[in-house]
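Reading through the structure tokens given below for one structure.
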Amino acid sequence: MRILSSELSAHIGETAHIEGWLHKKRLMGGLTFINVRDRRGLTQVVIRDKDEIEKLRGLHIGTVLAVDGTVTEEPRAPGGAELHDAKLEVLVPVTDEPPIEIDKPIQHKAENLDTLFEYRVLNIRNLQEQKIFKIRGSLTRSIREFLDEHEFIEIDTPKFLAGATEGGAEVFKLDYFGKKATLAQSPQFYKQIMVGAFERVYEIGHSYRAEPSATTRHLTELTMLDIEMGFVSSHDEVLDMVGDMTQHSLKDIYDKHADDLKSLNAPELKLPEDGKIPRFTVAQIHEMYTKATGTDVTAEKDLIPDEEKWISEHARKQLGSDLVFATEFPLAAAKFYHKVDAEKGVVLWADLLFRGLEIATCPLRENNYDKMVEQMTAAGLDVEEPGFRYYLQAFKYGLPMHGGCGFGIDRLVEKTIGLGNVKEATLFPRDINRLAP
RNA sequence: GACUCCGUAGUGAAGUGGUUAUCACGCCUCCCUGUCACGGAGGAGAUCGCCGGUUCAAAUCCGGUCGGGGUCGCCA
């Protein structure tokens, strides 16, 4: 029976069988310490028998081992217990020296990220590196729990699409058995369609964008949380839900992973005491930023990156919140599917900013069929295209007022931990010049 | 796409015109009975990204090229 590293202290005095990877050797002459890594962590094994130590000669870190020994209570051992009188069996020998050291924390300096990903297969065996992805897994689990509690149905939608869909980001084009196809930039149309069935839906999946963006916040293959909610009475109702969900999952992760976040030097979490995430209109932010910095941005339709950082800094310092909404984008930024507030002359669309970075866009949708056809035609789109025809069926046969968000999971993880680049929060990032591993 | 910075052993770095290119970690050999970034002695390992130019002399200066970083732009 295999015992895991974390279970060792519960088996003091018993003989135990462990299996894992050789993680570290320390030869002290008459005795040798080795660390064996398994999915829970490390086990320290003490070897005094020269013949047993000799079994590891010429074998490198990563060698897969089985060890039988006596579990011994030992205050000097990490975890208070270790394995004595060890008999080693090499299950998979590693004879080549690994190109990187995996038992030490991996550097995440910007100029060395290329090496980090070049040797990702090995550095993901580093315990510190693994924390990032355990936190990532917990974050999405926490988000799913929240959404399930609020009666959202998890859906999966296709990533192969017929022809071009609506404009915007560049799409990846590919040959699909002789037909032209594209990769989905977002599940937006499908989640709106699904509002007509389930009212409330969400998807955590990949989206693909062929933008030639070389920044710390862009990937060509990204993980999006897409949420869509029907029968909403106002844009505020959408923002409340997204705000509650984000705060819930952040609190949850800061609670469950306190030690990991601390060892990764994550910033202290600041959320508003009354649970209300501060909201500013884009026009207000333009005005505040222009006043504070002397750089006139009032003519910009979107927020410039430095403005996002500035308003986040303002929200954290003045209002005690790492999260802030930028609402009411100017009409010039509107797309055909957006709900417009004609009186105010703005789009009912908000961005959620987290520690200086846009992590979600949360629009209210136009849900009237005739108006959609009108706005699409005005945008020069062919409503008979397969990409649009089926989409419009949902409107023709009844869609309530709805809204939701597109939420960047990679960015959320990056900013939660306080990493400098969205790729660091991604196991195998895809960007403009990386397709492997 | 624009601007800008950087390419030196397996990894991370030092070296801004002049002997045999320096250091740390890792690796190899030996020593070491409580290590946990173990310690000690010795050793191997680099055509200084590539091509061309300037110079008596180039890792170092110049041009090109390839690779990478950052900022901006683009971005459902």
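Numbers restart at 1 for each chain; the letters A, B, ... are given by sequence-line order, proteins then strands. Quick caveat: nothing in here was measured; it's all calculated off a predicted structure.
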Exercise for review: Please list, by residue number, the residues of residues 69-93 of chain A whose heavy atoms come closer than 4.0 Å to an atom of RNA chain B; answer none if no residue qualifies.
Suggested key: Glu74(A), Arg76(A), Ala77(A), Pro78(A), Glu82(A), His84(A)

**Study point:** His218(A), nearest nucleotide to its side chain (from G34(B), C75(B), A13(B))
**Key:** C75(B)

Exercise for review: Can you tell me the pairing partner of A24(B) across any strand shown, Watson-Crick or G-U wobble, with both distances under 3.5 angstrom?
Suggested key: U11(B)

Point to revise | Expected output: side-chain Arg389(A) to main-chain Glu384(A) donor-acceptor under 3.5 Å | key: yes

Point to revise | Among A13(B), G73(B), G26(B), the one nearest Glu97(A) by side-chain distance | key: G26(B)

Exercise for review: Would you mind telling me which of U35(B), G69(B), G73(B) lies closest to the side-chain atoms of Lys423(A)?
Suggested key: G69(B)

Point to revise | Who pairs with C72(B) - Watson-Crick or G-U, where each distance is under 3.5 Å | key: G1(B)

**Study point:** Interface with RNA chain B, restricted to residues 281-308 of chain A and to heavy atoms under 4.0 Å
**Key:** Pro305(A)

Study note, to complete from the structure: Closest non-hydrogen contact found for Pro330(A) with Val347(A) is O-CG2, 3.4 Å

Point to revise | Residue that, paired with Thr157(A), satisfies side-chain hydrogen bond (donor to acceptor under 3.5 Å, both in side chains) out of Gln188(A), Glu203(A), Lys191(A) | key: Glu203(A)

Review point. So which of residues 395-402 of chain A are in contact with RNA chain B, with a heavy-atom cut-off of under 4.0 Å?
Key: none

Check your understanding: Any side-chain N or O of Lys24(A) under 4.0 Å from OP1/OP2 of C38(B)?
Key -> yes

**Study point:** Atom OH of Tyr390(A): over 12 foreign heavy atoms under 6.0 Å
**Key:** no

Check your understanding: Using a distance-only test with no angle check, is there a side-chain donor-acceptor pair under 3.5 angstrom linking Lys25(A) and Asn35(A)?
Key -> no

Review point. Between Phe325(A) and Phe280(A), is the ring centre distance below 6.0 Å?
Key: no

Practice item. Could you tell me how the ring of His150(A) sits relative to the ring of Phe146(A): parallel (under 30°), tilted (30 to 60°) or perpendicular (over 60°)? Key: parallel

Review point. Taking RNA chain B as the partner, which of residues 43-59 of chain A come within under 4.0 angstrom of it by heavy atom?
Key: Gln44(A), Arg48(A), Arg57(A)

Point to revise | Euclidean distance, atom NZ of residue Lys25(A) to atom C1' of C28(B) [Å, nearest integer] | key: 11 Å

**Study point:** Any strand: nucleotide that pairs with G67(B) via Watson-Crick or wobble, under 3.5 Å
**Key:** C6(B)

Exercise for review: Verify the contact: side-chain N or O of Lys104(A) to OP1 or OP2 of G12(B), cut-off strictly under 4.0 Å; return yes or no.
Suggested key: no

Check your understanding: Taking CG from Asn112(A) and C1' from C5(B), how many angstroms apart are they, rounded to a whole number?
Key -> 14 Å

Point to revise | Neighbour count above 12 (heavy atom, 6.0 Å) for Glu73(A) CD | key: no

Check your understanding: Between C27(B), C25(B), G34(B), which one does the side chain of Met28(A) approach most closely?
Key -> G34(B)

Check your understanding: To the side chain of Thr115(A), which of G34(B), G26(B), U11(B) is closest?
Key -> U11(B)

Review point. So, Glu424(A) versus His108(A): side-chain donor-acceptor pair below 3.5 Å or not?
Key: yes

Check your understanding: Does Arg26(A) make a side-chain N or O approach to OP1 or OP2 of C38(B) shorter than 4.0 Å?
Key -> yes

Check your understanding: Ignoring hydrogens and angles, are the base of C74(B) and the side chain of Ser213(A) linked by a donor-acceptor pair under 3.5 Å?
Key -> yes

Point to revise | Summary of protein contacts for nucleotides 39-48 of chain B, nucleotide by nucleotide, where a base hit scores B, a sugar-phosphate-only hit scores S (4.0 Å, heavy atoms) | key: ----------

Check your understanding: Is the distance from OP1 or OP2 of G70(B) to the nearest side-chain N or O of Asn421(A) less than 4.0 Å?
Key -> yes

**Study point:** Assigned partner base of C61(B), Watson-Crick or wobble definition, under 3.5 Å
**Key:** G53(B)

Check your understanding: In the structure shown, which nucleotide is the Watson-Crick or G-U wobble counterpart of C38(B), with both distances under 3.5 Å?
Key -> none

Review point. Is the Trp349(A) ring parallel, tilted or perpendicular to the His338(A) ring (thresholds 30°, 60°)?
Key: parallel

Check your understanding: Hey, does the side chain of Asn126(A) reach the backbone of Ile102(A) with a donor-acceptor pair shorter than 3.5 angstrom?
Key -> yes

Exercise for review: Hey, which sits more toward the 5' end of RNA chain B by its nearest nucleotide, His60(A) or Glu111(A)?
Suggested key: His60(A)

Review point. Does Arg200(A) make a cation-pi contact with Phe152(A), if we ask for NZ or CZ under 6.0 Å from the ring centre and within 45° of the axis?
Key: yes

Practice item. Could you check which residues of residues 429-437 of chain A get a heavy atom under 4.0 Å from RNA chain B? Sort them by number, please. Key: Asn433(A)

Study note, to complete from the structure: What one should report as the nearest heavy-atom pair of Val232(A) and His402(A) is CG2-CA, 3.9 Å

Check your understanding: How many Å lie between CG on Leu116(A) and P on G68(B), as a whole number?
Key -> 15 Å

Check your understanding: Taking the side chain from Asp410(A) and the backbone from Ala425(A), do they hold a donor-acceptor pair closer than 3.5 Å?
Key -> no

Exercise for review: Please check if atom CD in Glu287(A) has more than 12 non-hydrogen atoms from other residues, nucleotides or ligands closer than 6.0 Å.
Suggested key: no

Check your understanding: Expressed in angstrom and rounded to an integer, what is the separation of Glu118(A) atom CD from G12(B) atom P?
Key -> 11 Å

